[in-house]
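Below: one structure in structure tokens.
Naming: A, B, ... by sequence-line order, numbering from 1 per chain.
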Amino acid sequence: MEAKKIYEILSGRFGSAIQQFQENTLPPSIVVGHQAIVEVCDFLKKAEELEFLSLICLSAVDMQEKGKMAVVYHLGSMRQRHTIVLKVELDRGSPHVRTVGTVWPVAAWYEREAYDLLGVVFDGHPDLRRILMPEDWEGYPLRKDYVYPKRYHTWDV
Amino acid sequence: MGALEDRLPDNILFTTVDKFLNWSQKSSLWYMLFATACCGIELMQTGASRYDLDRFGAVFRATPRQSDLMIVAGTITHMMADRVKRLYDQMPSPKYVIAMGSCANTGGPFYKDSYAVLKGVDRIIPVDVYVPGCPPRPEALIEGIMKLQEKIMEKKNLVRK
Ligand code: SF4
């Protein structure tokens with residue numbers, strides 16, 4: 001199914017929670033209000049003709065100049081052979097969004113990574129710990145204003 | 001040959017205590033069964049039948065308590081670095097370290113801008129021999145072990161302190 005069509009279906013159902021359709025990004029993406037993300041994902045997974053059974057990738061982007069933090073969801077459907085990208089934009093000061101682990105269990109791992117590297121907090125996540133960095137590491141290394149520490153434990157980093 | 005040796009049977013040899021101790025140590029370099037990244041594949045190959053590290057008396061042990069040599073084969077992240085240090089501390093002296101591959105030497109391909117990788121294992125433990133390469137071939141690692149053996153032979157065990 002075309003991305004435009006998917007956008008229309010979602011707008012018809014969720015109204016103003018679907019904020020924007022970005023046609024020129026590759027692949028085309030839909031900006032969703034962060035309160036509605038779990039419902040939208042659940043709908044995309046379960047609706048006939050959509051059947052987005054797999055979450056291909058979940059990542060976060062630091063949009064420092066806009067004061068936002070974005071979370072990007074790449075969804076795919078093997079049966080319907082289509083893909084779509086969802087984005088939510090969060091406040092950079094305290095980026096909170098609900099976990100989609102209830103829709104796709106695999107999201108738990110991606111969300112830990114996004115938390116570890118960019119500090120996005122996924123509310124409702126069962127085990128939100130760091131995954132790549134040591135647990136007592138300070139700061140989120142992929143944030144644009146991150147300052148790399150000089151020392152960690154007993155050695156120079 | 002000295003006059004004394006000529007009068008003794010063939011199976012009696014003369015040497016110094018230092019040499020004898022060093023020789024026995026260099027001929028039984030047991031290394032720890034431990035690898036952290038792609039260099040580990042070359043390490044396995046070095047230990048396997050084609051290159052056969054056992055020829056040099058180097059066999060792997062699955063515990064630091066029985067190891068003389070730690071071959072750091074692969075990338076060390078900050079998360080892993082604490083563990084590597086602890087493993088090193090658990091090895092009994094005398095103990096040696098070979099840093100195998102660019103990652104263990106300097107951080108290698110991750111030297112610039114990596115947030116997670118330790119830029120050289122010599123920041124946490126003392127290294128005796130550095131083997132360059134990404135990854136080093138088994139011949140290179142064997143050369144590293146032979147260099148370490150040379151280093152061991154130079155050691156003076158019996159000096160008054
Ligand atoms: S030096 Fe190269 S081959 Fe060895 S662990 Fe690093 S990246 Fe892998």
| message | If you count every heavy atom of other residues, nucleotides or ligands that lies below 6.0 Å from A:Lys144 atom NZ, does the total exceed 12? | response | yes

| said: For A:Lys45, is the NZ atom crowded, meaning more than 12 foreign heavy atoms sit under 6.0 Å from it? | reply: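 For A:Lys45, atom NZ is crowded (more than 12 foreign heavy atoms under 6.0 Å).
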
| message | Quick check on A:Lys46: does its NZ atom have over 12 non-hydrogen neighbours (other residues, nucleotides or ligands) under 6.0 Å away? | response | no

| So does B:Lys85 have more than 12 non-hydrogen atoms from other groups sitting under 6.0 Å from NZ? |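 Count not over threshold, so no.
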
| said: Please check this pair: side chain of B:Arg123 against backbone of A:Trp155, looking for a donor-acceptor N/O pair closer than 3.5 Å. | reply: no

| query | How long is the gap from CH2 on A:Trp137 to OH on B:Tyr115, to the nearest 0.5 Å? | reply |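 Spacing of CH2 (A:Trp137) from OH (B:Tyr115) equals 11.0 Å.
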
| said: The test is side-chain contact (heavy atoms from CB on, under 4.5 Å); show your working for B:Asp113 and A:Tyr148 and say whether it passes. | reply: CA-CA 9 Å; B:Asp113 292 343; A:Tyr148 208 74; over 6 Å; no

| field | For chain A, the option from B:Asp82, B:Thr77, B:Val117, B:Ile124 that forms the most heavy-atom pairs under 4.5 Å | value | B:Asp82

| Which atoms form the tightest heavy-atom contact between B:Met79 and A:Leu132, and what is the distance? |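 Shortest heavy-atom contact: SD-O, 3.4 Å.
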
| said: Looking at A:Glu65, I'd like to know if its CD atom is crowded, meaning that more than 12 non-hydrogen atoms belonging to other residues, nucleotides or ligands lie closer than 6.0 Å. | reply: yes

